[in-house]
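This report concerns only the one structure given below.
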Amino acid sequence: MSVVTQSPDVIAQLAGEKRAWPGWSTIESEPAVFNELLKNIGVRDAQVEEVYSLDEDSLNAIKPVYGLIFLFRWKSEIDPEEAEVSCPEGVWFANQVTDNLCASLAMLNIVMNCPDVDVGEHLRSFREFSRDLSPPLRGLALANFEYLRQCHNAFARKAEMMDSDIGLLGASKRKKITGDEEEEETFHFIAYVPIGNSLWELDGLKRQPVRLGECTSETWLTLATPKIQERILRYEQDEIRFTLLAIVKKPLTLLQSQLSANAKLVGLIDRRLDSLDVNWKSILSEDSVYPEIRTDVTDVDQAMAADIESELEVARLVDRRAKLVQEQDTLRFKIREELEKLETYTTYATRKQHDYSPFIRKMLGILADKQCLQQYLE
């Protein structure tokens, strides 16, 4: 039996149509999709993770957090008191001027305001170009930013592109609802990000950023949590369609840095033990003799290094070394878990970028020609 596949010509044609399409596709609120988009637009050493609970322990577990992205069912809001007179200096904020841009916009409204995040060459150039623009003009420039649009539309489906082109996903989604008309369901992404000494809500559909209060880099999550909970409470009790994503420092980078620092401390202790007793290894168990160590001890915490160098008791150094070796095992396990998770993310995102609709249409056509389709429909 022959296998139905998409020819390279069909795949190339679909890719070309995505690149040339002037619209913006919807984005699934999956960390795998957001991470692929972050990577493709050039942002380095940042990662998107889903937040399942707003309790303190859950939020502390993913620190450091650069910003939060909240997805909810959009409904019209009128609150002129929330609008700032002008876009504050030092806050990069763009309005959403086209449909389906809110996912990428929420991410950009975070990473463009984080000095610790390397946004890559393309976004750095765009940030500099748009520095003196007003939020509406910045949003217009963003809507015409071809590089970002092509990265964003990597997840587009041909059917969605066609629907958008004929107006089924047009700008009329957010028209004002009056009388007994039913509002069409539309979902929207907004961002919460600390900038300077303040927490800001950056919603591309509002005229200006909304300052939520004073905070520090350590306290802003505590301030953001009740604001998000307050927004959730505006909806009916049976409304559960909310998603909270966090842009965090890449956990793999943190874990690898911790493992490197651990190995350097083990190296320092080994060197100190060699100076105190050349036979110290004889008292170790076999699985503790050969942990990962670093002979390069630069960037080690100077207070800890001085403490090790001044220690005179072999037994205490051996005990300290054993604890570090045990920590290495835990760190290696977490690194393996993180690598597996990233591989899962990549696989999911790769599949999401592939448009299976031509294959499905072809398969259905073959089944219909062979008069086999009806039996699968019954």
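Numbers for residues simply follow the sequence, beginning at 1.
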Decide, yes or no, whether a salt bridge links [X] with [Y] under the criterion of side-chain N to carboxylate O below 4.0 Å.
X      : Y      : value
Asp274 : Arg271 : no
Glu121 : Arg124 : no
Glu311 : Arg272 : no
Lys227 : Glu201 : no
Glu36  : Lys39  : yes

Inset, instruction - Please work out whether the ring planes of His152 and Trp24 are parallel, tilted or perpendicular, with thresholds of 30° and 60°. - result: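 Ring orientation of His152 relative to Trp24: perpendicular.
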
Inset, instruction - Tell me, yes or no, whether the heavy-atom count around Asp319 atom CG, taken from other residues, nucleotides or ligands under 6.0 Å, exceeds 12. - result: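 Counting neighbours around CG of Asp319, more than 12 heavy atoms of other residues, nucleotides or ligands fall under 6.0 Å, so yes.
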
Legend entry - Residues, nucleotides or ligands: over 12 heavy atoms within 6.0 Å of Glu56 CD: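 For Glu56, atom CD is not crowded (no more than 12 foreign heavy atoms under 6.0 Å).
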
Inset, instruction - Answer yes or no for Arg138 and Trp92: cation-pi contact, defined as NZ/CZ to six-membered ring centre under 6.0 Å and angle to ring axis within 45°. - result: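 Geometry flag: set, cation within 6.0 Å and 45°.
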
Inset, instruction - Compute both the distance and the angle, then confirm whether Arg231 meets the cation-pi test with Phe72: under 6.0 Å from the six-membered ring centre, within 45 degrees of the axis. - result: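 Judged by the rule, Arg231 and Phe72 form a cation-pi pair.
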
Inset, instruction - Compute whether any side-chain donor of one residue and acceptor of the other, for Thr216 and Thr219, lie under 3.5 angstrom apart. - result: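 Result is yes, a qualifying pair exists.
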
Inset, instruction - Please check if the distance between the ring centroids of Phe242 and Tyr235 is under 6.0 Å. - result: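 Between Phe242 and Tyr235, the centre distance is under 6.0 Å.
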
